[in-house]
Amino acid sequence: MKKNIVTIAFLFGILSTIWGQTAGTFYYASDGSSCDSTHATKKYIITDFSGILKEEVYTKQDHEWKKGLRSNIYDFENDSVVTIKEFIGQEPVPVVTVTTKQIYHKLNDTIYTFINYDKNLKIQKKGAASSILPLILEGEITSYYDNGNIRCVGIYKNNKPVSNKRWNKNGEPDIDNVFDFNEIDVNPKYTDHLNNFVSNNLKYPLEAQEKRMEGKSIIEFVIMEDGSIKNVGVLKSSKYPILDNEAIRVVQLTNKKWIPGTLNKKPVRVYFVAPCRFKLLN
């Protein structure tokens, strides 16, 4: 039997959408406020490529700046509409994951309102911000599932997450106070060597091999304060339940093997996304 390859990458959570107005480096403290580089825990580097802006986010860990896996490209249609492409992965070959269209409006001198839509013009997120580059959220921010149901309502103050309420895709209450990767100070970390764990545990289902099934299952879950995981499910199907179920099985094996993320030096619940690709070699 020919050797088959399955790859999995544990990547994080929910998307940030940002309108750009100038290039430069912007520094922020752990409470979300603007500050100098000495006191910053997060920085945004925005580069202008002939009118198309690229944003990269860095976090300070152990007194060193570490580049995140996520970056965004912004292409402006006019002064109130921008198309945003989000990438995950390191150069030179990052992967495009999501394309979003954002419509924004300057409400007054200090607040912008925005609405994000997916490629099918379904609403993804809406709310207000005191700055659009970088995005500094203020007040109530609502995100949605693709079926139109509310996913999360979060409260922010100067971009600092205060609290949130969440629902599942069917509209039932979900785990509250779960934060995204870009909202915390220290990212969750897997306690084992992840690549070795995946190689030893992820198996390409025999039926899927025989029927030449290939695809990518995107699995979502929450890393709790104690390093356990909850609410493991399929965010986006590979179109083959047999592949989705195998991806879920392997993610569930990581239960209680995570060092939790922290916000203000306290463990918090963090939303994670794990794309799992199933590829047969000829």
Side-chain angles (χ1 to χ4, degrees), residues 11-61 63-119 124-139 141 143 156-161 180-187:
L11 303 170
F12 45 90
I14 292 184
L15 317 171
S16 298
T17 50
I18 302 174
W19 172 67
Q21 42 192 4
T22 58
T25 301
F26 303 84
Y27 295 95
Y28 292 88
S30 59
D31 64 358
S33 60
S34 177
C35 65
D36 58 29
S37 60
T38 302
H39 300 94
T41 60
K42 184 175 293 186
K43 69 176 178 180
Y44 297 79
I45 297 180
I46 299 170
T47 309
D48 190 339
F49 296 96
S50 301
I52 296 178
L53 295 176
K54 178 178 181 180
E55 180 206 41
E56 297 172 302
V57 181
Y58 292 74
T59 57
K60 185 178 287 186
Q61 299 180 24
H63 306 290
E64 293 184 2
W65 288 111
K66 295 185 179 181
K67 181 180 177 182
L69 291 175
R70 188 182 300 272
S71 61
N72 296 305
I73 298 290
Y74 309 96
D75 190 2
F76 302 96
E77 296 182 18
N78 52 51
D79 60 0
S80 62
V81 179
V82 58
T83 297
I84 306 169
K85 290 184 178 180
E86 182 179 24
F87 295 81
I88 290 180
Q90 299 288 5
E91 301 291 352
V93 191
V95 177
V96 178
T97 59
V98 176
T99 299
T100 302
K101 179 164 289 189
Q102 183 183 79
I103 298 175
Y104 55 89
H105 173 69
K106 189 173 184 180
L107 192 63
N108 53 48
D109 289 341
T110 59
I111 295 293
Y112 296 85
T113 60
F114 65 88
I115 303 179
N116 298 338
Y117 297 91
D118 65 15
K119 63 181 179 181
Q124 290 183 324
K125 183 183 290 188
K126 69 177 182 180
S130 61
S131 169
I132 304 296
L133 177 63
L135 188 67
I136 304 299
L137 300 174
E138 286 288 352
I141 308 297
S143 59
Y156 293 80
K157 185 176 180 180
N158 197 21
N159 209 47
K160 181 181 178 63
D180 295 334
F181 238 84
N182 61 335
E183 297 176 330
I184 59 178
D185 300 326
V186 179
N187 299 333

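Along the sequence shown, the residues carry numbers beginning at 1. All values derive from a computational prediction rather than experimental measurement. Atoms considered below: every heavy atom in the structure, side chains included; atoms not considered: hydrogens, waters and symmetry mates.
Of the listed residues (Leu53, Thr83, Ile52, Val81), just one forms a side-chain contact (heavy atoms from CB on, under 4.5 Å) with Phe76, and that residue is Leu53.
Partners of Ser130 by side chain to side chain donor-acceptor pair (under 3.5 Å), not counting sequence neighbours: none found. With sequence neighbours excluded, the residues forming a side chain to side chain donor-acceptor pair (under 3.5 Å) with Tyr156 are Glu183, listed by chain and number. Taking His39 as the reference, Asp36 meet the side chain to side chain donor-acceptor pair (under 3.5 Å) condition, with sequence neighbours excluded. The salt bridge (charged side-chain N to carboxylate O under 4.0 Å, His left out) check on Glu77 picks up Lys101, with sequence neighbours excluded. By the side chain to side chain contact (heavy atoms under 4.5 Å, CB included) test, Ala128 is found to be paired with Ile111, residues two or more places apart in sequence or in another chain being considered. With sequence neighbours excluded, the residues that form a side chain to side chain contact (heavy atoms under 4.5 Å, CB included) with Asp118 are Asn120, Lys122, Gln124.
Between Tyr58 and Trp65, the closest heavy-atom pair is O-CZ3, 3.7 Å. Summarising the geometry of Tyr104 relative to Asn78, their closest heavy-atom pair is OH-O, 3.8 Å, with the distance given to 0.1 Å. Between Ala29 and Cys35, the shortest heavy-atom contact is N-SG, 3.4 Å.
The closest side-chain heavy-atom distance from Phe114 to Leu137 is below 4.5 Å. Contact check for Asn187 versus Gln61: side-chain heavy atoms found under the 4.5 Å cut-off. Thr99 is not listed as a side-chain neighbour of Lys119, based on a closest heavy-atom distance of 4.5 Å or more.
For Lys126, the NZ atom sits in a loose shell: 12 or fewer heavy atoms of surrounding residues, nucleotides or ligands are nearer than 6.0 Å.
Using a distance-only test at 3.5 Å, with no hydrogens or angles considered, a donor-acceptor pair links the side chain of Glu138 to the main chain of Asn158. Side chain of Tyr44 to main chain of Gly24: no donor-acceptor pair is present (N/O by atom type, distance under 3.5 Å, no hydrogens or angles).
For Lys42 and Tyr28, the positive end is not near the middle of the six-membered ring at less than 6.0 Å and at most 45° from its axis.
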